[in-house]
Amino acid sequence: MSRYNPKEVEPKWQQRWNEARSFETGASKDRQKYYVLEMFPYPSGRIHIGHVRNYAMGDVIARYKKACGYNVLHPMGWDAFGMPAENAAMQTGSHPAKWTYGNIDIMRGQLKQMGLAIDWSREFATCDASYYVHQQRMFLEFWQAGLAYRKESQVNWDPVDQTVLANEQVIDGKGWRSGAPVERRKLSQWFFKITDYAEDLLAALDDGRLSGWPDNVKLMQKNWIGKSKGLQMRFPFAPDVKAPAGFGDGVEVFTTRPDTLYGASFVAISPDHPLAAELAKTDKDLGKFIAECASAGTSEEAIEKAEKRGYKTSLETSHPFDERKLPVYVANFVLMGYGTGAIFGCPAHDQRDYDFATKYGLAIPPVVLPDGADAATYKLDGEPYIGPGKIFNSDFLDGLSVSDAIAAAIKKIEEMGLGQGVTQYRLRDWGVSRQRYWGCPIPAIHCDKCGIVPVPEKDLPVVLPEEADFSVPGNPLDRHPTWKHVDCPQCGGKGRRETDTFDTFIDSSWYFARFASQPEDKPVDKDVADYWLPVDQYIGGIEHAILHLLYARFFTRAMKKVGHLSVDEPFANLFTQGMVVHATYMDGYGHWVLPEDIFTPTEDELKKIHATWLPRYELGHELEKKGPGFSHKFSETSQKHLERCGLADKFTDRHFIGTANFIYHTGPEDWLACKSHEGLLLPVASGAIEKMSKSKKNVVSPEGIAQTYGADAARWFMLSDSPPERDVEWTDSGVEGAWKLINRIWDAVSAAPGILKTVDLDKASDDKTELRQATHAAIAGVTDDIDHFRFNKAIARIYEFLNALKKAGDASDWAKAEALSALARLVAPFIPHLAEECWETLGGKDLICDAPWPKADPALLAKDEIVLGVQVNGKRRAEITVPAEADNKTVEEAALSDADVKRHIDGKTVRKVVVVPKRIVNIVAN
RNA sequence: GCGGACGUGGCGGAACCGGUAGACGCAACAGACUUAAAAUCUGUCGAGGGUAACCUCGUGGGGGUUCAAGUCCCCCCGUCCGCACCA
């Protein structure tokens with residue numbers, strides 16, 4: 001019996017699959033299709049273990065569905081545009097294209113080593129002109145169809161890097177790379193009209209079109225779209241007010257609480273509101289106030305702390321229902337981007353309005369009376385009342401419930417012609433312009449005469465210039481000496497290319513459609529795309545729950561509108577897998593340490609470490625307990641050591657001890673060890689188990705694992721321990737366990753070489769031995785578990801099956817052959833290389849990746865006898881064995897005559913016997 | 001602040017519609033094989049009590065519904081995630 005050697009076996013089968021083109025998807029449409037897709041990777045350099053988990057899951061599904069007879073599409077490509085390539089160019093001078101394609105070559109090789117059942121013939125990168133040309137084409141179509149437009153908008157501008165930053169790239173009001181305070185600027189940008197689909201994107205979440213999506217993702221999308229119904233209405237200026245030019249009608253506000261209109265005591269507009277800008281022209285102090293608001297931080301913290309501030313303008317509006325006049329403020333807490341950028345303030349029933357009114361001494365009249373309160377004596381108790389109740393102090397609304405009053409107020413305002421009920425969304429149009437080089441060029445030309453003009457179809461693709469200067473910040477396309485200078489396609493005069501490129505989220509918004517069909521002259525061949533779409537199973541990280549998935553859903557609708565697709569929803573079933581996490585390690589100097597550099601010290605080594613490091617440790621503890629500025633008396637040994645090293649006085653230095661911060665929290669007896677560059681022994685403490693990241697060095701390389709244990713072991717372990725949607729901790733003992741399993745399977749198989757040639761499994765057997773029952777239970781269980789994405793349970797069942805197989809030493813050859821044949825096929829989706837090797841050794845026909853999935857025989861799943869638990873007064877007291885088909889009466893008699901049961905009901909009267917068929921018997925006695 | 005998910009042995013986790021809590025794996029311990037170690041194999045493995053059969057307790061805490069609760073309901077505690085001045 002030879003030991004299993006993945007280093008030889010894995011490449012051998014990868015080559016066979018390649019030669020047989022096992023995973024290239026045919027064009028035949030006669031079989032039922034199944035499209036399984038994992039979110040494609042960004043080519044950052046090397047694959048990491050998280051990729052392995054992601055692609056292993058998709059691979060299980062792909063291989064399983066293929067075995068079940070589906071026409072499976074399982075492609076791979078590269079999300080290849082993006083900032084890291086440009087950053088690399090700035091740092092190393094390597095061109096983004098060279099960097100990106102180089103990484104792709106490396107990562108493709110690594111993925112192939114994983115033995116994934118991927119149709120590599122469909123591979124592409126989004127930075128291929130042959131891909132993005134269609135993106136440009138579709139942009140022009142969207143533009144024509146009114147789905148793309150240009151407008152001025154506020155952006156986060158990094159004055160050092162000279163680029164627009166996404167909100168996520170602004171940290172505490174500063175640019176994430178430059179650290180410079182971010183400015184808000186108005187820029188003319190391209191937008192996609194995703195708000196056109198707000199209602200449908202929302203509706204599909206609930207109407208069954210996305211029944212295959214996890215609830216949490218649907219909820220996040222729902223919140224993101226943020227639908228709210230309310231009233232948009234106008235507050236006319238008071239008769240004696242001179243309205244500013246262009247604003248004669250008054251102030252347009254949005255509210256979800258028109259029931260509280262009688263509680264209004266002010267009107268507030270956003271500092272970014274056009275009316276504010278107009279007023280600032282003649283009011284310097286207001287201009288100053290607006291500037292202050294603009295420079296305030298946009299971080300969470302800043303918003304949290306930001307005080308409600310307002311500037312009282314000279315304007316006043318009339319209340320629509322009574323004689324009151326309401327002052328108009330410019331207020332920092334009113335957002336221009338939501339609603340109309342203006343509100344009416346009802347301090348009694350809104351926290352923000354309450355804070356504001358308190359600060360500026362405005363009236364706070366209550367208009368909602370909580371149930372059970374007395375209208376005559378009711379007073380607010382230091383805070384606004386947000387809950388339900390009856391409206392009062394409100395004339396025609398008095399006595400109505402909140403919801404009835406909302407309807408009544410809207411009706412009245414509509415009758416008065418001051419506004420109408422509207423639906424608002426939090427979702428805003430998708431700004432897609434980026435001042436970057438490494439992205440898809442936007443095919444538009446600016447002409448002084450003709451305005452903005454589309455690049456004619458025949459001139460597509462607009463490709464990036466190869467030469468570009470990355471040595472200074474800013475957009476290399478904009479400062480390129482020649483690229484942007486072109487003639488206007490309309491008038492032939494001098495024009496300039498659009499130098500912004502597309503947000504890379506666009507690239508990933510339709511790649512799944514391109515995988516299905518790749519004609520040269522259009523984005524997709526509609527017939528072929530209609531066959532493959534939607535993706536039957538999409539798999540990826542929860543971090544894409546909102547943006548990527550929402551954009552892809554929008555893009556699919558937009559592609560449908562311009563005639564490329566027939567579906568609304570791109571992904572029928574979505575699975576969000578957890579991350580791979582790993583313990584972090586830090587040495588005594590406070591440096592992160594790679595797991596592979598750590599070892600368990602011998603006793604001698606530990607003594608040496610203690611001699612040097614215990615004083616620091618002690619000190620650290622004291623510092624933790626007492627805070628800085630304490631005096632500490634060292635133990636005698638520590639003191640001697642310090643003096644000998646000349647460190648005695650240094651230990652009062654906070655910085656010095658700070659370096660050892662991490663190790664204070666671990667007992668010295670638990671210290672691990674590593675060696676410094678100079679070869680010195682250092683203590684190492686293990687810390688939080690976190691997402692693997694380069695900066696914390698808690699990474700393991702998939703290549704290293706594959707070298708030691710093989711790709712199969714890595715795949716098996718990634719799927720075995722935790723449920724797929726949860727995080728899994730990478731541990732050495734875990735992979736070793738997987739490696740053991742591989743050898744156990746190999747041992748079982750190699751004890752019966754050629755058994756599938758000597759035993760004819762087509763000849764039926766009426767054998768009903770335990771092994772056969774175990775075989776069919778395993779088939780049924782594993783099948784069900786894979787169908788429900790429970791890979792960890794499927795794996796547990798395979799272990800159980802393997803244990804049963806080992807115990808069944810005396811089973812017939814026929815039963816053994818059946819068991820081994822099933823075993824190989826059941827493990828094939830998880831550990832495909834070993835499965836092929838087993839299949840060959842057993843004497844199976846052809847490749848196992850083409851073999852059909854085993855079928856469970858229902859006759860063998862049904863057991864003749866079952867074991868039932870018997871409870872007395874709800875506590876389990878005995879077990880009885882009864883025929884599976886025994887009726888309740890027989891079961892009851894068997895239970896009552898059991899010796900243990902008799903003992904427990906001795907001296908009591910049996911009141912009731914509950915028999916739950918095939919589950920349990922409960923005897924109630926007292 | 002709003003919304004959501006989760007909490008089970010030393011660890012990762014099973015437990016389907018409320019029906020024998022702890023499947024399977026890891027770690028640990030004992031034994032076999034070995035000059036020895038590794039590997040492998042066999043066994044033990046929630047806590048407490050008992051020679052034993054067995055008994056008591058036990059799914060974050062408290063209460064409730066039920067013949068029966070990890071599972072359902074109410075309250076509390078804790079962890080994680082999303083959104084966040086959204087009118």
Side-chain angles (χ1 to χ4, degrees), chain A residues 3 214-224 226-228 230-231 253-258 260 268 270 300 302-308 331-335 337-346 349-353 355-356 386 424-428 542-543 545-546 689 716-717 720-723 725-729 731-741 743-744 747 781 784 788 790 792-803 806 867-880 900 903 911-925:
Chain A
R3 196 141 175 84
D215 288 339
N216 62 337
V217 174
K218 286 194 277 190
L219 189 69
M220 279 191 242
Q221 295 225 338
K222 188 178 175 178
N223 292 341
W224 187 264
K227 177 178 178 171
S228 58
L231 170 67
V253 306
F254 173 73
T255 178
T256 56
R257 294 294 302 273
T260 64
S270 165
E300 271 175 40
I303 287 167
E304 191 102 341
K305 285 184 193 156
E307 223 184 320
K308 305 276 176 293
N332 64 344
F333 68 95
V334 181
L335 306 174
Y338 185 79
T340 59
I343 61 157
F344 78 81
C346 174
H349 305 290
D350 182 281
Q351 184 69 50
R352 294 154 303 181
D353 298 347
D355 295 347
F356 190 81
I386 318 290
Q424 279 288 342
Y425 298 92
R426 208 189 75 105
L427 182 71
R428 302 184 210 160
I542 186 75
E543 66 272 21
I546 297 173
I689 296 163
W716 183 265
F717 172 52
S720 64
D721 253 11
S722 295
E725 67 276 14
R726 242 180 269 180
D727 290 352
V728 63
E729 187 191 351
T731 57
D732 287 345
S733 55
V735 218
E736 275 161 28
W739 171 239
K740 258 196 263 182
L741 175 277
N743 282 293
R744 280 176 65 189
D747 288 349
D784 189 49
H788 292 93
R790 297 185 293 235
N792 56 324
K793 286 182 67 186
I795 281 175
R797 284 185 206 276
I798 290 168
Y799 274 108
E800 270 177 302
F801 181 31
L802 206 55
N803 291 340
K806 192 188 225 164
V867 179
L868 288 183
V870 182
Q871 297 180 330
V872 177
N873 292 332
K875 286 188 178 160
R876 196 187 72 99
R877 296 301 182 184
E879 269 180 2
I880 53 171
D900 285 326
R903 199 160 46 79
R911 301 288 175 191
K912 191 175 174 186
V913 179
V914 182
V915 178
V916 184
K918 301 195 179 180
R919 290 219 189 254
I920 205 166
V921 181
N922 192 11
I923 297 163
V924 187

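Proteins come first, then strands; the chains are lettered A, B, ... in the order of their sequence lines, and each starts at number 1. Predicted model, so just to flag it, every value in this text is computed and none were measured.
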If I pick the [atom1] atom on [M] and the same atom on [N], what distance separates them, to the nearest angstrom?
N: B/U44; M: B/C24; atom1: P; answer: 12 Å
N: B/U40; M: B/C33; atom1: C1'; answer: 9 Å
N: B/C26; M: B/C81; atom1: P; answer: 30 Å
N: B/A87; M: B/C6; atom1: P; answer: 27 Å
N: B/A15; M: B/A23; atom1: C1'; answer: 8 Å
N: B/U79; M: B/C29; atom1: C1'; answer: 33 Å
N: B/A37; M: B/G46; atom1: C1'; answer: 33 Å

Looking at [X], I'd like to know whether one of its side-chain N or O atoms comes within less than 4.0 Å of OP1 or OP2 on [N].
X: A/Asn873; N: B/A68; answer: no
X: A/Lys222; N: B/C83; answer: no
X: A/Lys875; N: B/C57; answer: yes
X: A/Tyr338; N: B/A87; answer: yes

Residues A/Ser228 and A/Tyr338: side-chain donor-acceptor under 3.5 angstrom: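 Present: a donor and an acceptor within the cut-off.
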Go through the side-chain N and O atoms of A/Asn873 and A/Arg911 and say whether any donor and acceptor fall under 3.5 Å apart.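 There is no such pair between these side chains.
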Please report the distance, rounded to the nearest Å, between [atom1] in [X] and [atom2] in [N].
X: A/Asn332; N: B/A87; atom1: CG; atom2: P; value: 17 Å
X: A/Asp727; N: B/C11; atom1: CG; atom2: P; value: 18 Å
X: A/Asp721; N: B/G13; atom1: CG; atom2: P; value: 8 Å
X: A/Arg726; N: B/U8; atom1: CZ; atom2: P; value: 9 Å
X: A/His788; N: B/A14; atom1: NE2; atom2: C1'; value: 16 Å
X: A/Ile795; N: B/C26; atom1: CD1; atom2: P; value: 12 Å
X: A/Ile689; N: B/G13; atom1: CD1; atom2: C1'; value: 15 Å
X: A/Tyr425; N: B/C83; atom1: OH; atom2: C1'; value: 19 Å

Is the base of B/G46 syn or anti, where syn means the angle lies within 90° of 0?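 You should classify B/G46 as anti.
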With side chains defined as the heavy atoms from C-beta onward, is the minimum distance between A/Asn792 and A/Arg726 less than 4.5 Å?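 They are not in side-chain contact.
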Upstream residue (5' side of RNA chain B) when A/Arg790 and A/Val870 are each assigned their closest nucleotide: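 First, find each residue's nearest nucleotide; the 5'-ward one identifies A/Arg790.
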Please figure out whether A/Thr256 or A/Asn216 has its closest RNA chain B nucleotide nearer the 5' end.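 It is A/Asn216 whose nearest nucleotide is closer to the 5' end.
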Nearest-nucleotide pick for [X], side chain only, options being [options]:
X: A/Gln871; options: B/U56, B/A87, B/U20; value: B/U20
X: A/Arg877; options: B/G3, B/U56, B/C26; value: B/U56
X: A/Arg876; options: B/G25, B/A21, B/G3; value: B/A21
X: A/Ser722; options: B/G13, B/A87, B/U40; value: B/G13
X: A/Glu800; options: B/G82, B/A14, B/C24; value: B/C24
X: A/Val916; options: B/C67, B/A87, B/G19; value: B/G19
X: A/Arg426; options: B/U20, B/G25, B/A84; value: B/A84
X: A/Asn803; options: B/C26, B/C24, B/C67; value: B/C24
X: A/Lys308; options: B/C85, B/A14, B/A87; value: B/C85
X: A/Ala796; options: B/A87, B/C24, B/C55; value: B/C24

Got a second to check how far A/Ile546's CD1 is from A/Leu427's CG, nearest 0.5 Å?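 It is 11.0 Å, given to the nearest 0.5 Å.
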Going from CZ on A/Phe344 to CG on A/Asp350, what distance comes out if it is rounded to the nearest 0.5 angstrom?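 Going from the CZ atom of A/Phe344 to the CG atom of A/Asp350 covers 9.5 Å.
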For B/A47, what is the paired nucleotide under Watson-Crick or G-U wobble rules, both distances under 3.5 Å?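 Partner of B/A47: B/U56.
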Between the side chain of A/Ser270 and the main-chain N/O of A/Val334, is any donor-acceptor distance below 3.5 Å?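 A pair under 3.5 Å: yes.
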Any donor-acceptor pair under 3.5 Å linking the side chain of A/Asn743 with the backbone of A/Trp739?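 The answer is yes, because a donor-acceptor pair under 3.5 Å joins these two groups.
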Distance-only donor-acceptor test (3.5 Å): side chain A/Asn922, base B/C67: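 Flag set: donor-acceptor pair detected.
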Taking N and O atoms by type only, does the side chain of A/Lys793 place a donor or acceptor under 3.5 Å from a partner on the base of B/C24?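 Under the 3.5 Å cut-off, the side chain and the base do not form any donor-acceptor pair.
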Determine, for A/Asp355 against A/Arg352, whether the closest basic-nitrogen to carboxylate-oxygen distance falls under 4.0 angstrom.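 Salt bridge flag = no for A/Arg352 with A/Asp355.
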For A/Val253, report the nucleic acid contact type (base, sugar-phosphate, nothing); a contact means any heavy atom under 4.0 Å.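 Answer is nothing: A/Val253 stays at 4.0 Å or more from every strand.
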